[in-house]
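Quick note: residue numbers are just sequence positions, from 1. For the numbers below, each heavy atom of this structure counts, side chains included, while hydrogens, waters and symmetry mates do not.
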Amino acid sequence: MKFSSIPEAFDWWLKNEYPNLPADLKKGKPVSAWRDYTHGGGVSEKRMKEILIEFGRFKIETIITHEP
């Protein structure tokens with residue numbers, strides 16, 4: 001599955017993968033990010049990336065293209 005942005009991937013992860021995490025993994029970083037994200041707090045893109053890589057089995061690549 002491909003996403004066009006980190007926030008889009010994070011939103012998908014929160015809705016589809018986070019609920020299935022074992023209870024012992026829903027402590028610390030994932031739950032605080034979920035709480036911040038769903039209750040209008042801020043979650044930085046850096047924090048989103050860290051969580052996606054650590055808890056979501058994501059590989060993140062940056063592709064920048066310039067078309068004349």
Side-chain angles (χ1 to χ4, degrees):
M1 181 176 287
K2 290 187 178 188
F3 300 94
S4 61
S5 69
I6 298 296
E8 178 186 1
F10 190 73
D11 186 70
W12 180 90
W13 178 80
L14 282 177
K15 292 174 181 170
N16 297 283
E17 296 289 325
Y18 176 79
N20 300 319
L21 285 179
D24 61 321
L25 290 181
K26 285 187 178 179
K27 298 177 183 174
K29 282 195 259 183
V31 74
S32 66
W34 170 82
R35 200 175 293 129
D36 290 345
Y37 188 81
T38 56
H39 297 295
V43 179
S44 71
E45 200 165 294
K46 178 183 176 186
R47 189 169 157 207
M48 288 179 188
K49 282 182 183 180
E50 291 172 356
I51 290 168
L52 289 173
I53 291 168
E54 187 173 347
F55 299 98
R57 302 178 322 258
F58 279 76
K59 177 181 175 186
I60 298 173
E61 299 174 340
T62 302
I63 298 172
I64 301 170
T65 57
H66 173 267
E67 297 180 15

### Message
Could you tell me if the side chain of Arg35 sits less than 4.5 Å from the side chain of Val31, heavy atoms only?
### Response
yes
### Summary
For Lys29 and Ser32 the tightest heavy-atom approach is O-OG, 3.2 Å
### Message
Could you tell me if the side chain of Phe58 sits less than 4.5 Å from the side chain of Ile6, heavy atoms only?
### Response
no
### Task
Give the minimum heavy-atom separation between Pro30 and Leu25, together with the two atoms involved.
CG-O, 3.3 Å
## Note on the structure
Heavy-atom nearest pair, Gly42 first then Arg47, reads O-NH1, 3.6 Å
### Task
State whether the side chain of Lys26 and the backbone N or O of Pro19 hold a donor-acceptor pair below 3.5 Å, judged by distance alone.
yes
### Query
Looking only at heavy atoms, what is the nearest atom pair of Asn20 and Asn16, with distance?
ND2-O, 3.1 Å
### Task
Kindly assign one of parallel, tilted or perpendicular to the pair Tyr18 and Trp34, based on the angle between their ring planes and the thresholds 30° and 60°.
parallel
### Query
Under 4.5 Å between side-chain heavy atoms, hopping through other hydrophobics if needed: is there a path connecting Met1 to Phe55?
yes
### Task
Find the distance between CH2 (Trp13) and CE (Met48) and round it off to the nearest 0.5 Å.
11.0 Å
### Message
Using the rule that Ile, Leu, Val, Met, Phe, Trp and Tyr join whenever any side-chain heavy atoms are under 4.5 Å apart, tell me whether Ile60 and Ile64 fall into a single cluster.
### Response
no
### Task
To the nearest 0.5 angstrom, please state how far the CD atom of Glu8 sits from the NZ atom of Lys2.
13.0 Å
### Query
Which heavy atom in Leu14 sits nearest to a heavy atom in Tyr37, and how many Å separate them?
CD1-CD2, 3.1 Å
### Query
With a cut-off of 6.0 Å (strictly less than), are more than 12 heavy atoms of other residues, nucleotides or ligands near NZ of Lys49?
no
